[in-house]
Amino acid sequence: MAYEQIAVVPQKINTGTNITLADNTEYRLTNVTALTLAYPAGDFECWLRIETASSGTITITLPTSEYIGSAPSFGNGETWEMSIKDGVVIASKVVTA
C-alpha cells in the first residue's frame, strides 16, 4: 500500500462571533465579548486563542463537550488557549508574569 504525502497549511481565523470550527484551523480572537462556537460534522482538530474584552459581559458558548480538566469560566481581560479534537476540549487560562 502506498501513501501520498500532502502538505497541509493550517487556516488562520481572527474574526467572528458565530463560528463553526473547521479541521486543521487556528483561531486567534481578541477583544471577545460574545462568541458562540459550533462543531463541524465528523472528525476535526483545531486550536484557539481567545482574549476577552477588558470590560463588559463575557459570554462564550461551546457545544456540549467533554473536557480534559475543567470547563473554562471566562472573565474580563483574560487569555485562554484551547485545543479541541473531535469535541474533546483541553482549555487553560494563560497566566502572564
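Heavy atoms only: backbone and side chains are in, while hydrogens, waters and symmetry mates are out.
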Close side-chain approach of [X] and [Y], heavy atoms under 4.5 Å:
X: I58; Y: I60; value: yes
X: I84; Y: Y39; value: yes
X: M82; Y: I50; value: yes
X: L35; Y: Y27; value: no
X: C46; Y: L21; value: yes

>> Tell me which pairs pass salt bridge (Lys or Arg N to Asp or Glu O under 4.0 Å) where either residue lies in residues 52-75, with sequence neighbours left out.
In response: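 As it turns out, there is no salt bridge (Lys or Arg N to Asp or Glu O under 4.0 Å) pair with a partner in residues 52-75 once direct neighbours are skipped.
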>> Listing request: all salt bridge (Lys or Arg N to Asp or Glu O under 4.0 Å) pairs with a residue in residues 51-62, at least two apart in sequence or in separate chains.
In response: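 For residues 51-62: R49-E51.
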>> Would you compute the distance between atom OG1 of T20 and atom CG of L37 and round it to the nearest 0.5 angstrom?
In response: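 Result: 9.0 Å between the selected atoms.
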> OG/S83 to CD1/I68 distance, rounded to the nearest 0.5 angstrom?
Replying inline: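 The OG atom of S83 sits 8.5 Å away from the CD1 atom of I68.
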> Mind checking what makes side chain to side chain contact (heavy atoms under 4.5 Å, CB included) contact with K93, not counting sequence neighbours?
Replying inline: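 Per chain and number, K93 pairs via side chain to side chain contact (heavy atoms under 4.5 Å, CB included) with E78, W80.
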> Does T61 have any side chain to side chain contact (heavy atoms under 4.5 Å, CB included) partners at least two apart in sequence or in another chain, and if so, which?
Replying inline: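 With sequence neighbours excluded, T61 shows a side chain to side chain contact (heavy atoms under 4.5 Å, CB included) to T36, T59, given in chain and number order.
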What pair of heavy atoms forms the shortest contact from [X] to [Y], and how long is it?
X: A38; Y: P63; value: CA-CG, 3.9 Å
X: T52; Y: F74; value: CG2-CB, 4.4 Å
X: F44; Y: D23; value: CA-OD1, 3.5 Å

> What pairs with R28 under salt bridge (Lys or Arg N to Asp or Glu O under 4.0 Å), at least two apart in sequence or on another chain?
Replying inline: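 R28: salt bridge (Lys or Arg N to Asp or Glu O under 4.0 Å) contacts with E26.
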> In the hydrophobic cluster built from side-chain contacts under 4.5 Å, what are the other members alongside V94?
Replying inline: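 Its cluster mates, by chain and number: none.
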